[in-house]
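The block underneath contains the structure these notes are about, expressed in structure tokens.
Every value quoted in this text rests on a predicted model; they were computed, and no experiment measured them. Counting starts at 1 for both ligands and their atoms, in listed order.
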Amino acid sequence: MPAKTLYDKIWDDHVVEVQEDGLALLYIDRHLVHEVTSPQAFEGLRNAGRPVRRPDCTLATVDHNIPTVDRKTYKDVKSFIDEPESRAQCAALEDNVKEFGLTYFGMADKRQGIVHVIGPEQGFTLPGTTCVCGDSHTSTHGAFGSLAFGIGTSEVEHVLATQTLLQKKAKNMRITVDGDLLEGVTSKDVILHIIGVIGTAGGTGCVVEYAGSVFRGFSMEARMSVCNMSIEAGARAGMVAPDQITFDYLKSRPLAPKGEVWERAEKYWRSLKTDDGAKFDIEVNIPASDIIPTVTWGTSPQDTVPITGVVPDPTKIDDPVKRASAERSLAYMGLTPNTKMEDITVDKVFIGSCTNSRIEDLRSAAKILLAAGPSAQVAANVHAMVVPGSGLIKKQAEAEGLDILFKRAGFDWREAGCSMCLGMNPDQLSPGQRCASTSNRNFEGRQGSGGRTHLLSPAMAAAAALTGKLTDVRKFLGSRAEVNVGAASALKVVSAFDFLDDPVLAPPEPLPIEPAVPVSLPSSDAPSTVPKFTIVKGIAAPLHIENVDTDMIIPKQFLKTLKRTGLANALFFTLRKDPHTGEETDFILNRAPYNKSKILVCTGKNFGCGSSREHAPWSLNDFGIRCIIAPSFADIFKNNTMQNGMLPIAVPVEDCRALAVDAEAGLDLEVDLEAQEIRRPNGQPPVPFTVDPFRRHCLLNGLDDIALTMQRGDAISAFEKRRTETWPWLDGFGFKGARIPVAPAKAKSAKKMDW
Ligand SMILES: CC(C)[C@H](C(=O)O)[C@@H](O)C(=O)O
Ligand code: SF4
């Protein structure tokens with residue numbers, strides 16, 4: 001047996017079928033659903049008359065749109081959410097979960113929370129599983145040794161209908177951090193430092209395994225914060241091998257296996273580690289001692305700097321695209337080169353998000369308040385808020401008295417949700433406001449139009465709240481303390497979970513797993529609704545921006561739609577509209593002839609990074625752009641474009657630059673997918689490109705993935721039979737008939753679950 005990585009093992013255990021070119025039909029064990037990326041998927045199912053294949057493996061909640069104000073007066077979504085589009089999206093999810101029979105944690109249910117917080121909290125996320133969600137931070141669940149990744153809405157529909165996904169295997173990457181962490185350095189500093197080192201495209205095309213003594217020593221919460229931000233490093237997924245810390249966290253969670261089946265599951269989980277001698281395509285080694293408390297200065301998560309550092313000087317950057325990006329970031333952030341990071345004042349502090357809203361994060365922030373003494377107050381110039389990641393975390397924090405500490409210091413103590421991480425609800429920055437935030441993205445306009453975000457750890461956020469400036473948290477700690485310390489041990493740690501004794505089922509003996517049999521490319525007359533892509537000829541718009549994130553392609557306010565169309569005006573909205581006058585800017589897509597572009601040529605790397613929102617390709621498509629040419633693409637964006645019959649072409653940066661010169665001259669380009677070449681004007685030699693054979697075949701013939709996969713129903717059923725026999729804990733939240741705590745009595749919208 002060849003030595004395998006953790007990723008290889010989970011992959012191999014989930015392949016239903018593989019095609020000749022290596023594209024696999026992968027079985028999905030766990031599917032989390034939220035209100036933003038699911039309405040169009042349910043609509044697709046409804047139109048095609050398809051049911052959800054595995055409601056027992058699907059869990060839904062509302063998190064992005066909901067207000068985080070007190071819910072004492074909560075009756076229902078329709079009367080509680082003021083903003084009409086947010087209300088409609090949450091109401092649509094409630095209708096959909098009823099119609100399709102899905103388990104749902106609604107706003108009256110204490111188990112409601114950010115989708116990436118509630119999965120682990122409930123034991124829905126388990127080691128060795130495949131786990132997906134229409135959300136890029138699904139990578140969080142990799143902390144459990146789960147292969148967890150974000151998908152777009154078309155793929156959400158694919159999983160709902162078939163419980164599978166078509167996937168190409170990613171590369172193996174290992175990031176090892178060994179040694180002892182310095183004082184004040186937390187998991188958030190570790191991952192910010194890693195992204196600063198490898199960049200936001202550093203993990204593109206890879207599944208990252210985090211290895212070394214630092215991750216081994218981390219709690220599950222800390223591992224989740226790290227894996228959460230794998231997507232910010234461009235990785236498909238991030239994972240940590242499951243170990244005793246994982247099992248201790250999971251044991252007794254409501255949806256984790258119980259009794260004898262737990263024993264069997266644990267035995268399997270213990271085999272889920274990388275074999276000695278297994279090969280990684282990319283290895284990165286970082287000494288723990290290199291890392292000190294870290295913050296971001298710019299508008300990309302890779303723009304990191306130690307808190308002791310200064311704002312960088314773009315004139316020192318040689319590469320012109322990178323220099324222009326840094327200048328743009330600094331102008332947006334309102335910062336001057338060489339300013340000390342500790343001299344930057346903040347207006348807001350946000351402690352929350354799927355990166356840092358768990359109980360340990362709240363404790364870590366509270367410890368700083370304790371260290372600062374009972375009279376410590378949020379600085380007069382600052383509004384600070386704490387948004388727990390779930391109702392249960394809020395309850396637990398209150399049982400520990402953390403809410404009292406926060407409120408006493410002047411923090412706003414809120415209800416669970418995504419909140420100011422992206423401000424789809426009323427929690428937003430005003431233009432020009434600066435926020436110290438424990439979230440994961442600092443993109444332009446992310447927390448509110450014109451708002452400025454500095455990413456940092458919960459402890460650093462608490463320190464910033466107290467001083468009103470970005471502050472080295474070590475000033476509040478240990479030997480370097482400048483304030484009253486020593487009270488941190490006053491924190492009372494309790495468990496707010498009330499676990500159940502679930503029935504124990506005797507599992508059958510595991511069956512051997514048959515190797516997957518390769519199948520050939522699908523017939524080109526399979527049913528479909530996807531447009532064909534053959535030749536596209538037309539105006540190409542040049543774009544010279546690096547790391548074009550999907551928040552930039554389409555800002556959050558346009559994600560509230562229930563449709564896939566009508567988004568042409570939303571495309572690059574903040575670049576195309578002056579925020580003050582509402583007038584059109586001179587951005588390239590506003591100018592003739594580029595307002596009729598069919599092709600986009602980007603000279604900067606990593607197009608489409610960040611969020612998994614399929615709204616990005618939808619808005620490009622609506623504008624008329626069918627093809628994007630760039631030096632590299634983020635993985636989820638690339639998949640999302642092809643799901644919509646669009647073509648992302650990656651060619652070397654020199655080719656992009658040459659094509660951009662043609663584009664700037666207003667000349668037509670001709671993209672020929674059959675010939676795999678981009679034909680240039682004036683008899684210049686064409687630029688060759690390659691597209692994965694299966695994807696090319698589907699695009700040329702306008703084939704629809706879901707219709708194709710539905711034809712593999714027998715193979716999927718055979719896999720499910722084997723899965724039930726081999727890993728019985730994966731069916732129906734463990735077992736049919738298992739119970740989990742019911743929602744509080746006043747929970748009107750929450751169904752009484754009978755699993
Ligand atoms: C809405 C969703 C598609 C998005 C994501 O994929 O990440 C959101 O959670 C975000 O953080 O931007
Ligand atoms: S990154 Fe922010 S908006 Fe996205 S799921 Fe996490 S908390 Fe929600």
| request: With sequence neighbours excluded, tell me which residues meet salt bridge (charged side-chain N to carboxylate O under 4.0 Å, His left out) with Arg87. | output: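 With neighbours one apart ignored, the set is empty.
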| field | Of Glu43, Glu35, Arg46, the residue whose pairing with Asn96 passes side chain to side chain donor-acceptor pair (under 3.5 Å) | value |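 Testing each of Glu43, Glu35, Arg46 against Asn96, the sole residue satisfying side chain to side chain donor-acceptor pair (under 3.5 Å) is Arg46.
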| atom 4 (Fe) of ligand 2 - nearest protein heavy atom and its distance |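 For atom 4 (Fe) of ligand 2, the nearest protein heavy atom is His64 NE2, 3.7 Å.
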Any protein N/O atoms within less than 3.5 Å of an N/O atom in ligand 1? List the atom names and distances, or say none.
unit_1, atom_1, unit_2, atom_2, d
ligand 1, 6 (O), Ser136, N, 2.8
ligand 1, 6 (O), Ser136, OG, 3.2
ligand 1, 6 (O), Ser611, OG, 3.4
ligand 1, 6 (O), Ser612, N, 2.8
ligand 1, 6 (O), Ser612, OG, 2.9
ligand 1, 7 (O), Ser136, OG, 2.5
ligand 1, 7 (O), Arg441, NH1, 3.0
ligand 1, 9 (O), His64, NE2, 2.7
ligand 1, 9 (O), Asp135, OD1, 3.4
ligand 1, 9 (O), Asp135, OD2, 2.7
ligand 1, 11 (O), Arg441, NH1, 3.3
ligand 1, 11 (O), Arg446, NH2, 2.7
ligand 1, 12 (O), Arg441, NH1, 3.1
ligand 1, 12 (O), Arg446, NH1, 2.7
ligand 1, 12 (O), Arg446, NH2, 3.4
ligand 1, 12 (O), Arg613, NH2, 3.1

| request: Go through the steps to decide whether Arg564 and Asp622 satisfy the test salt bridge (charged side-chain N to carboxylate O under 4.0 Å, His left out), and finish with yes or no. | output: CA-CA 9 Å; Arg564 293 172 196 250; Asp622 264 2; over 6 Å; no
| Looking at ligand 2, does Met229 have a heavy atom less than 4.0 Å from it? |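 Checking ligand 2 against Met229, which is what was asked, there is no heavy-atom contact under 4.0 Å.
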Anything under 3.5 Å between a donor and an acceptor, one on a side chain of residues 164-171, the other on a protein residue two or more places apart or in another chain? List them.
unit_1, atom_1, unit_2, atom_2, d
Thr164, OG1, Thr162, OG1, 2.7
Lys168, NZ, Asp21, O, 3.2
Lys168, NZ, Asp692, OD1, 2.5
Lys169, NZ, Asp8, OD1, 2.5

Salt-bridge test for [X] and [Y]: reply yes if a basic N is under 4.0 Å from a carboxylate O, no otherwise.
| X | Y | value |
| --- | --- | --- |
| Asp347 | Arg434 | no |
| Asp551 | Arg613 | yes |
| Glu121 | Arg358 | no |
| Lys188 | Asp361 | no |

| request: Count the heavy atoms belonging to other residues, nucleotides or ligands that lie under 6.0 Å from NZ of Lys638, then report whether that count exceeds 12. | output: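 Counting neighbours around NZ of Lys638, 12 or fewer heavy atoms of other residues, nucleotides or ligands fall under 6.0 Å, so no.
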| field | Within-2.8 Å protein N/O/S contacts of atom 6 (Fe) of ligand 2 | value |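 You should have found Cys354 SG.
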| Within reach of ligand 2, part of Arg446 (heavy-atom separation under 4.0 Å) |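 The answer is the side chain of Arg446.
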| said: Looking at Tyr249, I'd like to know if the NZ or CZ of Arg253 sits under 6.0 Å from its six-membered ring centre while staying within 45 degrees of the ring's axis. | reply: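 Yes.
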| query | Does the side chain of His116 pick up a donor-acceptor pair with the side chain of Asn228 at under 3.5 Å? | reply |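 No pair is found: no donor N or O on one side chain lies under 3.5 Å from an acceptor on the other.
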